[in-house]
Amino acid sequence: MSDDAPLPKAYAPAEVEPRLYDWWESSGFFHAEPDDPGEPFCICIPLPNVTGSLHLGHALNHSIQDALIRWARMRGRNALWQPGTDHAGIATQNVVEKQLAGEGLARHDLGRERFLERVWQWKEESGGLITNQMRRLGTSCDWEREAFTLDDARSRAVREVFVSLYEDGLIYRGHRLINWCPRCATALSDIEVDHEETEGELAYLRYPAAGGGEGVVVATTRAETMLGDTAVAVHPDDERFVDLVGSTVVLPLLDRELPVIVDEAVDPAFGTGAVKVTPAHDPNDYEIGQRHDLESVDVMTDAATISEAGGPYAGLDRYEARRRVKADLDAQGLLVKVEPHTHALGLCSRCETVVEPRLSEQWFVAVRPLAERAIAAVRDGRTRFVPERNAKGFLDWLENLHDWCISRQLWWGHRIPVWYDRDGSEHARREDPDPAEVEAEGLTQDPDVLDTWFSSALWPFSTQGWPDDTPALRTWYPGEVLVTAYDINTFWVSRMLMMGLRFMHDVPFHAVLNHGLVRDKHGKKMSKSFGNVIDPLDLIDHYGADALRFALLRAAVPGQDVPMAEEWVEGARRFANKLWNAARFVLMQTGPVPHGDPADLPEPAPLEDRWILSRLEAARATADQAYAEYDLARASRALYHFVWDEYCDWYLELAKLRDDEGARRVLTYVLDSALRLLHPIMPFVTEEIWQALHEPAPGVSLMRADWVAAAPERRDHRAEAEFGALHEVVTALRRFRADHGLAPSARITVGVVAEGGHREVIAGGLDGIRRLAGVGEWRFVDAAGQVDGPLGKIPLDLAELLVPLAGLIDLDEERARLTKALHDARVELERAERKLANEGFVAKAPPDVVDAERAKADKWRTTAETLETQLAALE
RNA sequence: GGGCGCUUAGCUCAGCUGGCGAGAGCGCUGCGCUUACAACGCAGAGGCCGCAGGUUCGAGUCCUGCAGCGCCCACCA
């Protein structure tokens with residue numbers, strides 16, 4: 001036994017965490033090799049943006065993965081947590097462009113090459129930020145394998161995939177309707193467009209008949225697109241327009257003749273039942289245009305101003321053009337009416353600019369054949385979702401997938417590996433053509449880059465050396481589980497599945513764990529405009545990484561959003577401190593013990609030993625099952641409850657009574673086991689304690705220690721039942737003491753009426769009960785009559801406890817106290833009842849006031865009854 | 001217009017395949033510095049488990065309907 005407390009009185013994460021992390025990382029504990037022993041277990045991190053910084057969403061996502069990877073490692077799996085960052089095309093380019101704007105420059109002022117140099121420079125400066133922030137959280141990624149979506153190895157994989165899909169006809173260039181962000185000046189895929197319900201208006205425009213008749217009235221929310229109209233469509237069955245079909249109407253302002261056609265896509269119930277058709281600027285109209293071989297007139301420029309095709313409106317901003325078109329039509333008496341109309345506006349998910357549907361020449365992935373295989377893989381369970389219900393939405397989405405627009409009119413990203421020769425023919429190349437060839441053939445490379453998600457789709461295999469057949473690839477593909485918030489399923493999970501199945505002929509992971517989004521304490525989304533954003537680094541500074549991790553994980557029920565507030569983290573920190581102090585106590589009893597097999601546990605053991613070992617086994621079983629189901633919330637709660645409510649509150653207190661080797665061994669063994677079980681969730685405090693608990697052994701870390709083996713034979717339901725009985729006796733006596741205001745120093749005498757077996761159990765636990773309940777003298781009696789004087793009776797399931805009150809309390813004083821209290825209660829009750837009996841009060845007072853009065857009456861009535869009972873018991 | 005989730009103590013949430021005599025954290029009340037921890041301990045108050053039916057020996061848990069809240073998806077111009 002050591003004389004001094006071996007650990008500081010309070011756990012100090014700020015000192016411990018950086019020290020341990022450096023030690024872990026420099027010792028190579030995070031690193032894995034393909035030929036390391038154990039069944040492979042790989043998690044690919046959802047790559048954070050290289051220029052991003054850590055927010056609570058990352059903290060949740062990373063805490064879950066770190067818990068799982070540490071758990072797998074301790075269970076002897078060859079566990080790799082593959083880290084890396086994403087070049088985040090639009091996001092990063094926007095950041096740098098904003099910087100340039102501050103200098104009064106646009107990217108075109110620099111030119112492509114110098115602009116890219118500038119972005120790389122920014123990446124070098126700020127790219128390490130987030131990975132260092134991740135280290136603060138304790139993430140045990142294999143940093144030696146860190147990858148970047150735009151580094152050479154990943155670029156090679158991108159090239160290979162692009163050319164291969166191109167050769168198979170699954171990547172093609174086409175002139176099609178896409179989403180255009182005028183601010184970013186690039187095409188977007190469908191899922192990069194957010195839809196927001198917006199109050200707008202529906203304008204009714206009259207297109208006169210070519211022969212001078214009334215013509216037709218159409219409705220639109222975007223009047224300026226009429227400049228690009230090439231037809232008017234009605235439903236084939238709509239009798240209102242029978243006479244018009246086949247005729248022509250005149251497009252006002254531009255005096256263009258438009259055919260009136262029929263198409264099933266027209267909803268006769270909407271607007272006037274007649275639709276203006278603008279194939280170049282509306283997805284529906286585009287389809288109609290395809291079916292009827294209509295001309296497409298693109299009236300928009302890249303900047304969303306009206307193009308030359310808009311005649312007199314050319315050069316106007318789209319909104320100004322909308323106003324002018326309506327005004328001009330109105331002047332001609334052709335604006336029939338304008339009514340309010342709410343509809344979903346498409347916004348650029350990066351900059352919230354209103355997206356313009358637009359006909360454009362872009363590159364696409366023909367997703368259908370790829371999606372079919374992904375659908376099959378999810379259907380037959382090769383990749384399963386946790387929670388399972390999330391598979392449905394995912395499948396629905398895949399089944400209705402449109403081709404994926406992958407070209408972006410940006411500079412930051414993987415440039416499309418296609419060259420055009422003098423004739424305009426396309427050549428997709430795995431290698432850049434040499435300068436001589438470029439010269440000879442007049443080759444020019446496609447200027448566009450690929451959607452960021454194209455490269456991240458390859459992540460599970462591009463990180464392991466593909467397209468080469470490497471040991472790492474053979475070992476860690478497919479991964480075990482992909483951990484991500486549900487909002488990334490379409491962006492990323494779907495594409496990894498499609499690409500993995502196409503190029504690796506196997507799913508990239510066996511499971512997708514969907515966690516929720518981190519919200520504030522009232523379930524609101526965290527956002528700068530609400531002012532409710534919490535910075536995870538602040539929380540780590542104040543409470544420690546373990547506290548933040550525990551607070552997140554204890555709420556991380558699969559699929560459910562996670563509310564977060566500083567006070568929850570504070571609570572988690574207290575738990576770390578509790579564990580710390582329990583360890584201090586154990587160390588005071590035992591001093592450090594050797595590493596290796598746990599000392600033999602005593603046999604036969606006292607009840608409390610059998611009980612705590614049984615509870616440990618129960619906690620271990622729950623934790624194991626929860627970890628295996630990726631339910632860190634359940635694991636966290638089970639271990640918290642075990643450590644605090646069972647080990648600390650009961651076992652430790654009982655161990656204080658003893659001074660024997662058996663107790664010391666159990667104390668140490670159970671603590672050691674709890675540290676192992678908790679380590680994946682709270683790696684720092686458990687490691688720090690574990691080091692102190694054991695004799696120094698260089699290079700030995702809890703994070704590489706063995707997991708707690710199942711020991712079902714330790715489960716002892718009889719011990720648990722018996723201990724439960726003692727627990728009940730102690731609790732009942734404590735309640736009795738509290739009710740009677742007995743000082744802690746006051747020893748009470750207790751008579752026990754109990755039968756055979758119960759009597760034995762209670763007798764066996766006497767010492768513990770004495771200590772925990774402050775009992776002085778005890779005796780077993782057959783009936784209440786055998787104890788003299790006024791009695792407090794405590795009925796329990798297995799016994800009746802009798803506490804003589806004489807001498808314990810001054811009976812006269814107690815009687816006086818109770819009498820006065822009873823009097824006060826009756827006065828209050830009477831007052832409340834009188835008030836409630838007054839009809840005026842009940843009828844006219846605000847309902848909540850009346851309710852409050854009723855509640856008061858009930859409370860005083862109950863109090864009076866209790867006091868009466870207690871008084872009667874004194875006689 | 002579809003799909004999904006949520007509705008349990010003042011607040012935020014657990015409650016897995018039906019057994020609950022309904023839990024946790026925070027908050028609240030009372031007592032206590034008992035030498036691991038006052039960043040603590042002990043005790044307590046507080047719940048028609050959204051509403052209405054149904055299945056069952058038994059329902060917070062399963063089924064049906066309804067209501068409120070939230071999210072996702074969708075080309076109604």
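By convention in this document, chain letters (A, B, ...) are assigned in the order of the sequence lines, proteins followed by strands, and residues within each chain are numbered from 1.
Within the 4.0 angstrom heavy-atom criterion, no nucleotide atom of any strand lies near A:R737. Counting any heavy atom pair closer than 4.0 Å across all strands shown, A:K656 reaches a base atom. Nucleic acid contact for A:A219: base, since at least one base atom lies under 4.0 Å from a heavy atom of the residue. Using a 4.0 Å heavy-atom distance criterion, A:Y286 is classed as making no nucleic acid contact. Heavy atoms of A:D487 sit nowhere under 4.0 angstrom from any nucleic acid atom. At a threshold of 4.0 angstrom between heavy atoms, the contacts of A:T731 are confined to the sugar-phosphate backbone, with no base atom among them. Residue-level contact check: A:L202 touches neither bases nor backbone, having no heavy atom under 4.0 Å from any strand.
Residue A:W568 has no polar side-chain atom (N or O) positioned under 4.0 Å from OP1 or OP2 of B:rG27. Contact annotation: A:R634 does not reach the phosphate of B:rA14 (side-chain N/O to OP1 or OP2, under 4.0 Å). Between A:H341 and B:rA77, a side-chain N or O to OP1/OP2 separation shorter than 4.0 Å is present. For A:R734 and B:rA43, the shortest distance from a side-chain N or O to OP1 or OP2 is below 4.0 Å. Phosphate proximity of B:rU12 to A:H522: present, with a side-chain N or O under 4.0 Å from OP1 or OP2.
Across the C1' atoms, B:rG50 and B:rC69 are found 11 Å apart, a figure rounded to whole Å. Spacing between B:rU55 and B:rC63 at atom P, rounded to whole Å, works out to 15 Å. With both ends at atom P, the span from B:rC16 to B:rG60 equals 12 Å, rounded to whole Å. Straight-line distance between the C1' atoms of B:rC13 and B:rU8: roughly 9 Å, to the nearest whole Å. The gap from the C1' atom of B:rC6 to that of B:rG41 amounts to 37 Å, rounded to the nearest Å. Taking atom P on both nucleotides, B:rU64 is separated from B:rG21 by 26 Å, rounded to a whole Å. Comparing the P positions of B:rG30 and B:rG23 gives an interatomic distance of 24 Å, to the nearest angstrom. Taking the C1' atoms as reference points, B:rC51 lies 32 Å from B:rG44, given to the whole Å.
The distance from atom CG of A:D396 to atom C1' of B:rC72 is 11 Å, rounded to the nearest whole Å. Separating the CG atom of A:N284 from the P atom of B:rC75 is a distance of 8 Å, rounded to the nearest angstrom. Separating the CG atom of A:L639 from the C1' atom of B:rA14 is a distance of 15 Å, rounded to the nearest angstrom. Note: CD (A:E570) to P (B:rA24) measures 20 Å, nearest angstrom. Rounded to whole Å, atom P of B:rA36 lies 16 Å from atom CH2 of A:W644. In this structure, the CZ atom of A:F385 is 14 Å from the C1' atom of B:rC4, given to the nearest Å. Taking atom CD on A:E196 and atom P on B:rC73, their separation rounds to 13 Å, with Å as the unit. Rounded to an integer number of Å, the gap from CG of A:D649 to P of B:rU34 is 17 Å.
Closest to the side chain of A:R389, out of B:rA14, B:rA43, B:rG5, is B:rG5. Nearest to the side chain of A:F270, among B:rA77, B:rA43, B:rA36, sits B:rA77. Out of B:rC16, B:rA43, B:rG3, the shortest distance to the side chain of A:Q625 is found at B:rC16. Counting only heavy atoms from C-beta on, A:K578 has its side chain closest to B:rC40 among B:rC13, B:rC40, B:rA24. Across B:rG3, B:rC76, B:rC71, the shortest atom-to-atom separation from the side chain of A:R519 is found for B:rC71. Here the side chain of A:E653 is nearest to one of B:rC37, B:rC75, B:rG3, namely B:rC37. Here the side chain of A:R574 is nearest to one of B:rC71, B:rG3, B:rC26, namely B:rC26. Nearest to the side-chain atoms of A:A10 among the listed nucleotides B:rA77, B:rG41, B:rA39 stands B:rA39.
Under the salt bridge (charged side-chain N to carboxylate O under 4.0 Å, His left out) criterion, A:R620 pairs with A:E617, A:D624, sequence neighbours left out. The salt bridge (charged side-chain N to carboxylate O under 4.0 Å, His left out) check on A:R734 picks up nothing, with sequence neighbours excluded.
Ion pair A:R222/A:D282 flagged as a salt bridge, since at least one NZ, NE, NH1 or NH2 atom sits closer than 4.0 Å to an Asp/Glu carboxylate oxygen. Ionic pairing of A:E646 and A:R615 is present here: one or more N-O contacts between side-chain nitrogen and carboxylate oxygen are shorter than 4.0 angstrom. Between A:E567 and A:K521, at least one side-chain nitrogen of the basic residue sits less than 4.0 Å from a carboxylate oxygen of the acidic one, meeting the salt-bridge criterion.
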> What dot-bracket string describes RNA chain B from 5' to 3', counting Watson-Crick and G-U wobble pairs whose defining distances are under 3.5 Å, with [ ] for crossing pairs and | for pairs to another strand?
Replying inline: (((((((..((((.....[...)))).(((((.......))))).....(((((..]....))))))))))))....

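Panel note: side chain A:R573, backbone A:Y543; no donor-acceptor pair is recorded below 3.5 Å. Using modelled atom types, one side-chain atom of A:R637 and one backbone atom of A:R554 make a donor-acceptor pair closer than 3.5 Å. Between the side chain of A:D263 and the main chain of A:V266, no donor-acceptor pair closer than 3.5 Å is present.
Within 3.5 Å, no donor on the side chain of A:Q560 pairs with an acceptor on the base of B:rA14, nor the reverse.
A:H281 NE2 to A:E356 CD: the interatomic distance, rounded to the nearest 0.5 Å, is 7.0 Å.
No close placement of the A:H235 and A:F270 rings is indicated, their centers lying 6.0 Å or farther apart.
With RNA chain B read from its 5' end, the first of the two nearest nucleotides for A:V586 and A:W650 is the one closest to A:V586. Take the nearest nucleotide of RNA chain B for A:Y647 and for A:H402: the residue whose nucleotide is more 5' is A:Y647.
In the displayed structure, A:H542 atom NE2 is contacted under 6.0 Å by at most 12 heavy atoms of other residues, nucleotides or ligands.
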